[in-house]
Amino acid sequence: MSDSTEKREGEGLLGKQTSRRDFLKYAGGGLAGALAMITLGCATTVRTREGRELRVWATPAGALVHDPNRCVGCKRCEVACTVRNDGKASAHISRVKVSRNLNFGVKGVSSAYAKADGQLGNFRIVAETCRQCEKPACGNACPTGAIHADRKTGARVVDARKCVGCGACQTACPWHIATLDRETMISTKCTTCDGDPVCAKACPTGALKLYPIAEAEKLLWGADVVSGATA
Amino acid sequence: MAQIFGYSGKILRVDLTTGKISTDETLKYKDFIGGEGMSMKIMWDEVDPGTKAYDAENKIIFGTGPLCGTGVPCSGRTNITSLLPTSPFNGVSSSHMGGYFATELKYAGWDMIVVEGKAANPVWLRIEDEKVTIEDARWMWGKGIFDTQAMVASFMGKEAQAAAIGQAGENMVNLSVIRTGASHSAGGHGGVMGSKKLKAIGVRGTGSVKIAGDRKDWMELDKFMMSIIGANNQMVVPTTPQPWAEFSDKSSRWTARKGLFWGAANPPVETGECNPKDMQSVGLRTQKAIFDLGPGAEKYTVRMGGCSHCPIRCHSQLKVPQLEKYGMDPYVANTCVGWSGPRGVMFNGIKDFDGHGEDSNIVGNAIGTTLADDYGVWCNYAQIGRDLKYCWDKGVFKRVLPADEYASIPWEKLVKGDATFLIDFYDRVAFKKGEFSHIGDGSAAIALRWGLGDDYWNDKNGKLWTRGGYPVHHSNEAGAQVGALISCFSNRDAQNHSHMNFIGSKLPIKIQKEIAGEIFGSPDALDPPNDYKPMNTFKARFAAWALKRSILHNSLTVCNWMWPMSVSHDKERGYRGDTGLEAKFFSLATGIKMTEKELDEAAARCFTLFRAITVRQMGDADLRAGHDHMNKWITKADKDKEGKEIPQFTPGTIQMTEEDMALAQTMLYREFGWDEKTGAPTRASLEMYGLAGVAEDLARRKLLPS
Ligand code: SF4
Ligand code: SF4
Ligand code: SF4
């Protein structure tokens with residue numbers, strides 16, 4: 001109930017960020033350095049035995065999941081996200097994406113719109129959230145290394161000082177979650193709000209929740225995954 | 001340009017005659033707040049008296065305000081102001097729609113759109129941030145509103161929001177709407193868009209609204225608001241007893257309880273206890289489908305919908321598979337009169353038809369709403385059904401319709417409650433087929449055309465408030481003289497809920513009277529239901545406040561179906577709300593410090609300007625006689641079973657008296673500083689509101705009261 005539950009959930013997640021998963025399997029050099037970086041919660045580039053360059057990412061604590069069955073399309077989450085993180089109200093740069101699927105669903109307008117997802121169809125509202133991917137396409141595409149794993153939460157976050165506004169992350173993310181703010185020319189993407197997501201707190205139906213990453217992955221990587229970018 | 005907060009700072013101007021698109025500055029109108037207030041200023045400055053609703057010289061203004069887009073709870077509404085075709089003198093009037101159009105417009109960088117002129121061929125307006133174009137609408141023309149929105153999005157992308165007219169608007173049916181999204185209509189101005197050959201406006205905004213205040217303060221204020229907000233219409237008492245609640249009231253819209261579901265969700269979603277401390281259940285409080293359509297609607301409810309940034313969700317979104325039998329899609333949504341207006345056409349009620357059994361009423365409602373929403377026919381706040389009934393009962397159709405047309409109408413379906421009558425009805429109205437279709441001209445027009453006289457206007461069941469041709473809307477039944485006064489000023493149904501969101505809260509009358517005392521100076525501002533007392537100055541203060549808050553909300557733009565927050569559900573606060581919240585949000589959003597009193601004064605300025613426009617349009621300063629005069633059924637005493645008159649101001653009757661209402665109007669005029677005899681703004685009052693130029697203009701036309 002209320003804000004406090006969300007907070008407890010968020011805080012509880014913070015302990016789970018240290019798993020290194022596949023890291024040792026791939027890492028062929030710079031091991032000590034890479035390990036040091038990951039312990040600090042950043043990302044680093046290592047070279048595989050085959051000579052491939054690979055960025056290694058700390059595991060995020062959690063990711064946000066949206067429930068299309070409960071969502072009422074109020075967009076309070078979007079505006080809470082941008083007020084907290086940008087000091088202004090917007091839909092486009094919100095890191096949780098409701099508006100773009102609101103009327104016609106993820107797939108967009110079709111001649112069968114009246115029966116497809118969306119407010120002009122079957123009313124179903126499918127918001128897209130950042131999956132905090134294990135191997136984030138956004139971060140791997142960033143030419144300046146501006147996207148890194150947050151030290152505290154492991155969330156893939158943008159360092160505004162390093163971001164050059166090229167939009168590579170936006171293009172690379174299979175769901176186009178990372179979004180360039182045209183007013184600042186800096187990329188925005190979900191930070192999980194330090195593990196205490198304001199979008200979930202603003203949601204009047206409990207349709208948004210931050211789940212521990214293992215659970216979130218199970219919920220987010222369903223049968224309809226559109227890309228193998230992180231596989 | 002200096003950074004602007006709250007406002008986007010720009011007004012889009014489109015001349016459809018010349019194709020010229022230009023930009024104006026919002027803040028030059030800032031004394032008029034936004035939305036409706038600013039629109040009144042533009043209508044005063046730019047539309048000459050004598051202009052008719054369908055003339056190219058008429059303007060139609062889509063307005064948002066400084067709180068729209070900021071995320072303030074319930075701030076997604078669009079105000080539309082223009083001359084109103086149903087008004088006998090085409091008076092200026094506002095219609096409003098919810099949905100997601102207004103916030104998208106703000107994010108595209110525009111506070112308002114002012115459309116003037118008339119296109120030679122059908123067009124639609126395409127707004128993608130600062131890029132604005134007038135597009136060919138020949139393939140959209142003739143389509144319903146659902147398909148039109150899909151076509152707009154197919155050009156602009158799925159993110160676009162659209163406001164559009166249907167066939168009714170195209171055909172300049174007076175009773176037509178402008179609609180957006182699944183179910184959000186602005187009634188009355190569809191024909192104005194049609195007259196300009198403007199089929200739709202599509203908008204896509206990738207920008208933002210800047211907030212002047214500290215983001216933490218903003219989030220705190222939002223949290224506070226969320227802690228006092230109630231259910232739909234700010235009803236703060238649950239329908240059934242709940243562990244957290246001291247009171248319950250069967251007629252409340254806070255319907256949530258354990259065991260009540262959105263039954264057609266997959267899996268069904270339980271509304272549950274909805275303890276107000278649980279912020280993640282605010283959107284579940286109002287299961288509106290069962291309130292609007294009865295308990296049988298629970299199983300058809302997919303979810304609740306509503307507007308941008310509103311946690312309350314008053315629109316029921318249903319899946320009614322039976323609609324497919326009539327070639328309609330099974331998904332249908334609406335709220336309140338969006339259901340009951342079309343249903344009201346079936347004046348004998350909807351009986352068992354086509355084997356729908358006990359769900360016939362729901363299926364019938366769904367058919368009516370689907371038709372009205374796609375063709376874009378307006379019900380004139382359910383008046384179209386009452387007009388139909390009057391004309392049927394009095395044999396008007398037999399008298400005025402050609403015999404073959406009369407014979408072609410499936411009256412038997414109407415009489416026996418078969419809702420498929422609606423299919424025939426809306427087809428005639430939307431496409432202006434035959435004499436019968438003039439029922440869509442509106443009440444004032446049919447009174448003239450079909451020779452309906454005093455008996456029509458004064459019919460108690462007809463509920464027509466003035467000869468302006470509009471009906472009651474929370475009038476004398478809502479707060480006695482307060483509601484009655486509120487209904488006298490617009491050129492359409494009052495659409496004012498400032499008073500309802502207080503007196504309809506379902507709190508015990510004792511608590512309501514205490515709160516009324518705190519806001520208006522005496523508990524006597526509010527009478528108990530069905531136990532009315534004669535007029536007093538506190539009621540006048542209440543009515544004036546309600547009128548000011550309504551135009552304030554339509555200017556900010558926040559929803560006057562939830563705001564103001566006069567009460568709350570919170571026992572620890574003594575069920576008090578906070579009537580200063582608008583000013584707090586306004587100041588934080590815009591960085592322009594305004595107190596509650598200052599904002600109310602700005603609203604009074606806007607309302608007085610609206611009044612001045614009415615004087616100028618009518619060409620007569622005596623608004624008391626020519627405009628505000630109520631139909632006689634309101635002031636006629638009820639009779640008891642024995643035929644004896646029940647005197648007014650005795651328990652059990654809600655009838656008013658002429659003398660008392662005359663006094664009420666005098667007191668109300670006084671609240672605004674207008675002339676007490678005629679109800680017209682005086683030079684002194686106009687100057688007090690900073691409207692000296694308006695006073696000059698009216699003086700030149702000899703329209704200032706002596
Ligand atoms: S690739 Fe997309 S979903 Fe994955 S972490 Fe980056 S922004 Fe989030
Ligand atoms: S968790 Fe925070 S950053 Fe992520 S979408 Fe929600 S509000 Fe935005
Ligand atoms: S706040 Fe919740 S209900 Fe509203 S749009 Fe976001 S996820 Fe949906």
Side-chain angles (χ1 to χ4, degrees), chain A residues 1-3 5-6 67-76 78-80 82-93 99-111 113-115 118-125 179-183 198 200-209, chain B residues 69-71 73 76 100 103-104 106-107 129 146 149-151 153-154 157-161 181-182 205-211 214-215 218-219 222-223 226 265-267 269 275 277-284 302-313 317-319 329-331 333:
Chain A
M1 196 178 284
S2 78
D3 298 344
T5 318
E6 296 301 334
D67 178 355
N69 199 41
R70 292 187 82 82
C71 177
V72 288
C74 67
K75 313 211 285 185
R76 276 182 54 80
E78 292 188 335
V79 81
T82 59
V83 167
R84 178 199 185 268
N85 295 302
D86 310 281
K88 60 188 182 185
S90 171
H92 184 64
I93 61 165
S99 292
R100 69 186 185 191
N101 303 334
L102 187 69
N103 281 349
F104 299 101
V106 176
K107 292 185 186 146
V109 197
S110 73
S111 56
Y113 74 89
K115 290 202 176 66
Q119 287 288 290
L120 289 175
N122 63 16
F123 304 126
R124 191 161 176 266
I125 301 155
T179 305
L180 209 56
D181 179 347
R182 69 178 171 90
E183 294 169 353
V198 294
K201 284 197 276 194
C203 176
T205 61
L208 275 171
K209 280 201 181 94
Chain B
T70 61
Y100 304 90
T103 47
E104 200 68 27
K106 285 292 291 277
Y107 295 153
D129 293 324
F146 286 105
Q149 292 188 82
M151 287 181 85
S154 72
K158 62 178 181 169
E159 303 90 345
Q161 294 294 338
T206 64
S208 66
V209 174
K210 317 308 178 278
I211 291 164
D214 181 82
R215 62 185 82 175
W218 183 265
M219 287 158 74
D222 176 77
K223 204 167 160 189
M226 289 297 285
N266 183 19
V269 172
N275 185 322
K277 295 224 165 10
D278 175 8
M279 287 304 137
Q280 274 63 63
S281 70
V282 178
L284 302 170
V302 178
R303 72 189 64 227
M304 297 300 300
C307 312
S308 266
H309 304 159
C310 175
I312 299 306
R313 321 319 284 167
Q317 306 196 325
L318 311 184
K319 180 177 185 183
D329 289 305
Y331 298 99

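Order of the sequence lines sets the chain letters (A, B, ...), proteins ahead of strands, with each chain counted from 1. Only heavy atoms go into these numbers, but all of them, side chains included; no hydrogens, no water, no symmetry mates. Worth saying up front: this structure is predicted, and the values here are computed from it rather than measured.
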Could you state the interatomic distance from [atom1] ([X]) to [atom2] ([Y]), rounded to the nearest 0.5 Å?
| X | Y | atom1 | atom2 | value |
| --- | --- | --- | --- | --- |
| Cys310(B) | Lys75(A) | SG | NZ | 13.0 Å |
| Arg84(A) | Arg215(B) | CZ | CZ | 8.5 Å |
| Lys209(A) | Gln280(B) | NZ | CD | 8.0 Å |
| Leu102(A) | Lys158(B) | CG | NZ | 11.0 Å |
| Met304(B) | Thr205(A) | CE | OG1 | 12.5 Å |
| Asn103(A) | Gln161(B) | CG | CD | 4.5 Å |

For chain A, which of [options] has the most heavy-atom pairs under 4.5 Å?
| options | answer |
| --- | --- |
| Ala150(B), Gly71(B), Gly305(B) | Ala150(B) |
| Met151(B), Lys319(B), Gln149(B) | Gln149(B) |
| Ser281(B), Gly306(B), Gly157(B), Gly76(B) | Ser281(B) |
| Ala160(B), Ser308(B), Gly283(B), Ser208(B) | Ser208(B) |
| Asp329(B), Ile312(B), Thr103(B) | Asp329(B) |

>> Please rank Thr82(A), Ile125(A), Asn69(A) by heavy-atom pairs under 4.5 Å with chain B and give me the top one.
In response: Asn69(A)
>> Below 4.5 Å, heavy-atom pairs only: which of Ala80(A), Ala91(A), Ser99(A) has the largest tally toward chain B?
In response: Ala91(A)
Side chain from CB out, backbone as N, CA, C, O: work out which of these in [X] comes under 4.5 Å of a heavy atom of chain B, or both, or neither.
| X | answer |
| --- | --- |
| Tyr113(A) | side chain |
| Asn85(A) | backbone |
| Arg182(A) | side chain |
| Asp86(A) | backbone |

Give me the atom names and distance for the closest heavy-atom approach of [X] to [Y].
| X | Y | value |
| --- | --- | --- |
| Gln317(B) | Gln119(A) | NE2-OE1, 2.6 Å |
| Lys115(A) | Tyr331(B) | CA-CE1, 4.4 Å |
| Ala153(B) | Phe104(A) | CB-CE1, 3.3 Å |
| Arg70(A) | Leu284(B) | NH2-CD1, 3.5 Å |
| Val83(A) | Thr70(B) | CG2-O, 4.3 Å |
| Leu120(A) | Gly181(B) | CD2-O, 3.5 Å |

> Is there a donor-acceptor pair under 3.5 Å between the side chain of Glu78(A) and the backbone N or O of His309(B)?
Replying inline: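 Checking the backbone N and O of His309(B) against the side chain of Glu78(A), no donor-acceptor pair under 3.5 Å is found.
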> Has the side chain of Tyr100(B) got a donor or acceptor atom that lies under 3.5 Å from a matching backbone atom of Gly73(A)?
Replying inline: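 Here the side-chain-to-backbone pair exists.
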So which part of [X] gets closer than 4.5 Å to some heavy atom of chain A, the side chain, the backbone, both or neither?
| X | answer |
| --- | --- |
| Asp222(B) | side chain |
| Ala333(B) | both |
| Pro330(B) | side chain |
| Leu318(B) | backbone |

>> I want to check something: taking the side chain as every heavy atom from C-beta on, are Met219(B) and Lys201(A) in contact at a cut-off of under 4.5 Å?
In response: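 A side-chain contact is absent here, since even the closest heavy-atom pair is not under 4.5 Å.
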